[in-house]
Amino acid sequence: MPERKPRKDAARNRAAVLAAADALFTQCESPEEVTMADIAAAAGVGKGTLFRAFGDRTGLLRALYEARLEPVKEAIEAGPPPLGPAAPPAQRVPALLDAVLCFKLDNRRLALALEETGSSSPYQAEHYGQWHSLLQGMLQRIPGLPDTDFTAHALLAATRADLIEHLAGRERVPRERLRAQLADFAAAVLGSRPPQGSATEG
């Protein structure tokens, strides 16, 4: 019994830290504004607790990103079409891109902060490699695409957090217009017509 208390405390502290970080990144104007000290103070824990639990700021960002992303992952791995595994790849690719876009629109500050941790390149961030691998696997099942590696990079470039921040933040492009534009772009790349309603569902 006594051995369980540290584990319970660690789990409670972790949850408090993630909740505090979530709130701070949602409220901030720029990701750089949020420091480990800010998060520790908001969570009511010491900075040492943060570093023991997450290693560094990047580790904390990844943990928060993964926690927010879990529902999207579940939909991709076991959900219904068009995003789930039973959907044909030509339908699943634009659905995946739409899911990534919507996730980043809903988590703009966090996505931007995480992409900026990729050793000055978002392409070196761990989550980018995961998206690229998943998308390339879908593209390989679509006949007539000569270079699925490049195509996956090109499609994901349209969902970069800095681009989304520019379009949604500075240019104030409406959410549904962004979704429709991405669906049209994906259809042009894949040589297909976007399904009706695909950019307005969800």
Nearest non-hydrogen partners of [X] and [Y], listed with the distance:
X      : Y      : result
Ala16  : Ala43  : O-CB, 3.7 Å
Leu105 : Ala168 : CD2-CB, 3.9 Å
Pro94  : Pro89  : CD-O, 4.5 Å
Pro85  : Gly79  : CD-O, 3.7 Å
Ala42  : Leu24  : CB-CD1, 4.1 Å
Pro82  : Ala87  : O-CB, 3.3 Å

Which residues pass the ring pair (Phe, Tyr, Trp, His ring centres under 6.0 Å) test with His153, not counting sequence neighbours? Tyr128, His132
Side chains of [X] and [Y]: does their closest heavy-atom pair fall under 4.5 Å?
X      : Y      : result
Arg175 : Cys102 : yes
Pro88  : Ile142 : no
Leu135 : Leu97  : yes
Gln181 : Val173 : yes
Leu155 : Phe185 : yes
Arg177 : Pro174 : yes
Phe54  : Leu61  : no
Leu139 : Leu190 : yes

Would the distance check show the side chain of [X] and the main-chain N or O of [Y] forming a donor-acceptor pair, the cut-off being under 3.5 Å?
X      : Y      : result
Arg92  : Ile76  : yes
Asp98  : Ala95  : no
Asp147 : Phe150 : yes
Arg179 : Leu101 : no

Mind running salt bridge (Lys or Arg N to Asp or Glu O under 4.0 Å) on Arg160 and Glu165 for me, showing each step along the way? CA-CA 9 Å; Arg160 277 185 50 150; Glu165 180 65 22; over 6 Å; no
Step by step, work out the side-chain contact (heavy atoms from CB on, under 4.5 Å) result for Leu18 and Leu60. CA-CA 8 Å; Leu18 290 176; Leu60 174 57; 4.1 Å; yes
For the [atom1] atom of [X] and the [atom2] atom of [Y], what is their distance to the nearest 0.5 Å?
X      : Y      : atom1 : atom2 : answer
Leu96  : Gln91  : CG    : CD    : 13.5 Å
Thr151 : Met138 : OG1   : CE    : 14.5 Å
Leu145 : Thr148 : CG    : OG1   : 7.5 Å
Lys104 : Asp162 : NZ    : CG    : 8.5 Å
Arg52  : Arg14  : CZ    : CZ    : 14.0 Å
Thr159 : Leu182 : OG1   : CG    : 7.5 Å

Let's go through Glu70 and Lys73 carefully: what are the C-alpha distance in whole Å and the side-chain angles of both, what is the deciding distance for salt bridge (Lys or Arg N to Asp or Glu O under 4.0 Å) to 0.1 Å, and is it a yes or a no? CA-CA 5 Å; Glu70 194 58 36; Lys73 281 187 169 182; 5.3 Å; no
Which residue pairs pass the ring-ring contact (aromatic ring centres under 6.0 Å, His included) test when at least one of the two sits in residues 11-45, sequence neighbours left out? none
With sequence neighbours left out, which residue pairs that include part of residues 73-105 fulfil the ring-ring contact (aromatic ring centres under 6.0 Å, His included) condition? Tyr65-Phe103
